[in-house]
Amino acid sequence: MYRLVVSSLSLGLLMGAAHAQTSDPAHLSLVAGYKAAFTCSAHFNAGRSVEQIAGDELHRIYPGYREAMAALPDAVIDEDAKTVSVSYEGGARIAAWRPYLGCAQLPTMASMDVADDLPVIAAKWDRAEPEPLAENLSDDPALFETVDAAFDRATYGEGTETTAILVVKDGAIVAEQYREGFDAQTPQRTWSVAKSIAATVIGAAVEEGIITTDEPAGLEAWSSPGDPRGAITLENLLHMSSGLTSSAAGNRTDDIYFGGGRVVDHAITNRLVAEPGTRWRYANNDTMTAMRALHERMKNDKKFLEYPFKKVLNPLGMNHTFLETDWNGDFVMSSQVWTTARDLARIGLLYLGDGVWEGERILPEGWADYVASPAPAQPPATRDDGSQIPGYGAQFWLFGERHGLPEGSYAAMGNRGQYLMITPAENILIVRRGFDDGGGFDIAKFSADVLAALDE
């Protein structure tokens, strides 16, 4: 059995309270889970080497994880079993890879043989190579300069680290550039761009009549008489206005993302604290709950796991995309999707085509307008420093003139600088991937500069 060893990272140590976490078994299990999960996904989904993983996927991670990460022993990659294990004081964390579904973390304290029982799909559908995206590469120096600037780590934000830029105009690629170590076939974690992919899968299910947005989500866990959560609709979940409690930072669901926890144990169990539809609160749990609602509506685990591939990914030709699950078979589609810049562009083209791909309707007529329409409850318009916050639709962020962009622009956005900007007024898509730290990449300014260069 051939094994690789991942070198431990030499990361900067934190001070104060963070130091005590290095001896906390609960914290260590999360950090070890982070290392196991990202090593597994980056290696088996994307073919990344251990050195590349150390420099990107495991570099500049959550500050509270860095000291403990540096103290962990090397991860062990089992190429034959397609597993990754990371030991820590008190146990070991394990992640295991499957075709199409990528890596799933085993429960904390689980033994390696649990990997044999992970949900899998055996694809029997046609996975023929898709038609390549059309290309009409520009020779405009202004566009070249703008794209180059996205890689300089300064023009669009200090601490930014761009790995890919793709610009599509009128259905054809006009600009495409990658950082060393990445190319058109290299998947990268989407983080919260996955939420917009989840909305796309749900849209396909709405088109087929499997589920509707205006009816209660119908979760079994909310079905007891008198449970007020029974009134939460799928639309409330898509709008981030379920009214459920969540952590202060709703994008931190570490027990599921890194702890090997199940969606059914962590995402759908919170109590109601606001009338559904009246309060906007960004929450990974709302997205995972929306996908769980689809799972329960379909009443068939196998069909549910195959559905996104059969109805969305395969028709679009997204053959380099992995939709990862928890060990219970629920998609963690608030974050854990691995895909390429070109596959994201295919999603964008589907929306620019109002849900029609090569003559086939995949999304309901008007679904693109639906996800790009302001939800009744909105985030604040500005941050404390006065900078603009985008509006929110249905799992997409909304941009317009106040951000220097055409009205009706909307975007899928994720941690560490993952973006798919859709500008229907100009028939333009902009994909940007990265490993940002600090304040992040200014996607609005970059998009405005790209549009200006194309308009010259």
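Summarising the geometry, atom CE belonging to M413 is positioned 4.5 Å from atom CZ belonging to F399; distances are rounded to the nearest 0.5 Å. For the atom pair I256 CD1 and H266 NE2, the distance stands at 6.0 Å (nearest 0.5 Å). Note: T163 OG1 to D436 CG = 9.0 Å, rounded to the nearest 0.5 Å. Remark: L305 CG to F331 CZ distance equals 5.0 Å, nearest 0.5 Å. Summarising the geometry, atom CG belonging to L238 is positioned 5.5 Å from atom CD belonging to Q395; distances are rounded to the nearest 0.5 Å. Atom OG of residue S111 and atom CD1 of residue I94 lie 7.0 Å apart, to the nearest 0.5 angstrom.
Side chains of N251 and N415 form no contact here, defined as non-hydrogen atoms less than 4.5 Å apart. In this structure, I362 and P315 have side chains that are in contact, with non-hydrogen atoms separated by less than 4.5 Å. Side-chain atoms of M291 and I202, non-hydrogen and from C-beta on, do get closer than 4.5 Å to each other. P119 is listed as a side-chain neighbour of R98, based on a closest heavy-atom distance under 4.5 Å. By the 4.5 Å heavy-atom criterion applied to side chains, Y65 and D254 are counted as neighbours. N285 places a side-chain heavy atom less than 4.5 Å from the side chain of M288. Contact annotation: the side chain of Y156 never approaches that of I443 to less than 4.5 Å [non-hydrogen atoms, C-beta and beyond]. Counting heavy atoms from C-beta outward, V193 and I347 have side chains that stay 4.5 Å or more apart.
Among all heavy-atom pairs drawn from P187 and T340, the shortest one is N-CG2, 3.7 Å. Here the closest non-hydrogen pair linking V114 and P107 is CG1-CD, 4.3 Å. Of all non-hydrogen atoms in A134 and G171, the two that sit nearest each other are CB-O, 3.7 Å. Nearest heavy atom pair, residue V84 against residue A75, reads CG1-CB, 4.2 Å. Residues L133 and A345 approach most closely at CD1-CB, 4.3 Å, considering heavy atoms. The shortest non-hydrogen separation linking A375 to G393 is CB-O, 3.8 Å.
Between the R346 side chain and the L316 main chain, a donor and an acceptor come within less than 3.5 Å of each other. Under a 3.5 Å cut-off, the side chain of N136 and the backbone N or O of V174 do not form any donor-acceptor pair. Counting only distance, with no hydrogens or angles, the side chain of R262 and the backbone of A267 share no donor-acceptor pair below 3.5 Å. With hydrogens and angles disregarded, a donor-acceptor distance shorter than 3.5 Å links the side chain of Q378 to the backbone of Y392. At least one donor-acceptor pair closer than 3.5 Å links the side chain of N270 to the backbone N or O of T245. A donor-acceptor contact shorter than 3.5 Å is absent between the side chain of D255 and the backbone of G259. Checked by atom type and distance alone, the side chain of T186 pairs as donor or acceptor with a backbone atom of D183 at under 3.5 Å. Within the 3.5 Å criterion, the main-chain N or O of R383 finds no donor-acceptor partner in the side chain of S387. The main-chain N or O of D227 is never found under 3.5 Å from a side-chain atom of S224 such that the two would form a donor-acceptor pair. With hydrogens and angles disregarded, a donor-acceptor distance shorter than 3.5 Å links the side chain of D326 to the backbone of V263.
Using modelled atom types and a 3.5 Å distance limit, the side chains of N45 and E324 yield a donor-acceptor pair. Under 3.5 Å, the side chains of T212 and E215 contain a donor-acceptor pair of N or O atoms. In the model, Q388 has a side-chain atom that pairs as donor or acceptor with a side-chain atom of R402 under 3.5 Å. A donor atom on one side chain and an acceptor atom on the other are not found under 3.5 Å apart for T146 and D449. Judged by distance alone, the side chains of R93 and S29 never bring a donor and an acceptor atom under 3.5 Å apart. Using modelled atom types and a 3.5 Å distance limit, the side chains of T287 and N284 yield no donor-acceptor pair. Looking at Y282 and S192, their side chains do bring a donor and an acceptor atom within 3.5 Å of each other.
With respect to the salt-bridge test (charged N to carboxylate O, under 4.0 angstrom), the residues E207 and R361 do not qualify. Electrostatic pairing of R342 and E135 counts as a salt bridge here, judged by a charged N lying under 4.0 Å from a carboxylate O.
Aromatic ring orientation, W97 versus F44: tilted (interplanar angle from 30° to 60°). The aromatic rings of F38 and F258 lie tilted to each other, with the angle between the two planes from 30° to 60°. The aromatic rings of Y34 and Y62 sit perpendicular to each other, their planes meeting at more than 60°, with 30° as the lower class boundary. In this structure, Y410 and Y351 have perpendicular ring planes: the angle between them is above 60°, well past the 30° mark. Between F304 and H295, the ring planes lie parallel to each other; the angle is under 30°, not in the 30° to 60° tilted range.
Note: Y419 and F446 fail the aromatic proximity criterion, with ring centroids not under 6.0 Å apart.
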Trace of the side-chain contact (heavy atoms from CB on, under 4.5 Å) decision for L219 with R292:
CA-CA 8 Å; L219 293 182; R292 177 65 194 181; 3.9 Å; yes
Derivation of the side chain to side chain donor-acceptor pair (under 3.5 Å) call for D286 and T289
CA-CA 5 Å; D286 281 10; T289 300; 5.5 Å; no
Begin from the C-alpha positions of T233 and D214 and carry the test side-chain contact (heavy atoms from CB on, under 4.5 Å) through to its verdict.
CA-CA 6 Å; T233 65; D214 57 355; 5.8 Å; no
L451 and K169: CA distance, side-chain angles, deciding distance, side-chain contact (heavy atoms from CB on, under 4.5 Å) verdict
CA-CA 10 Å; L451 294 180; K169 180 176 175 57; over 6 Å; no
Y100 vs L313, test: side-chain contact (heavy atoms from CB on, under 4.5 Å). Steps then yes/no.
CA-CA 11 Å; Y100 311 108; L313 271 61; over 6 Å; no
With side chain to side chain donor-acceptor pair (under 3.5 Å) as the test, would you mind laying out the steps for S334 and Y257 before giving the verdict?
CA-CA 10 Å; S334 55; Y257 284 9; 2.6 Å; yes
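Here the options are R60, H59, R416, the test is side-chain contact (heavy atoms from CB on, under 4.5 Å), and the partner is E161; only R60 passes. Each of Q418, R189, K195 was evaluated against S335; a single residue qualifies, R189, per the side-chain hydrogen bond (donor to acceptor under 3.5 Å, both in side chains) test.
The number of heavy atoms from other shown groups lying within 6.0 Å of NZ (K311) does not exceed 12. Counting heavy atoms of neighbouring residues, nucleotides and ligands inside a 6.0 Å radius, atom CE of M109 does not exceed 12 of them. The number of heavy-atom neighbours closer than 6.0 Å to CD of E208, taken from other residues, nucleotides and ligands shown, is above 12.
For the pair R432 and F441, the cation-pi criterion (under 6.0 Å, within 45° of the ring axis) is fulfilled.
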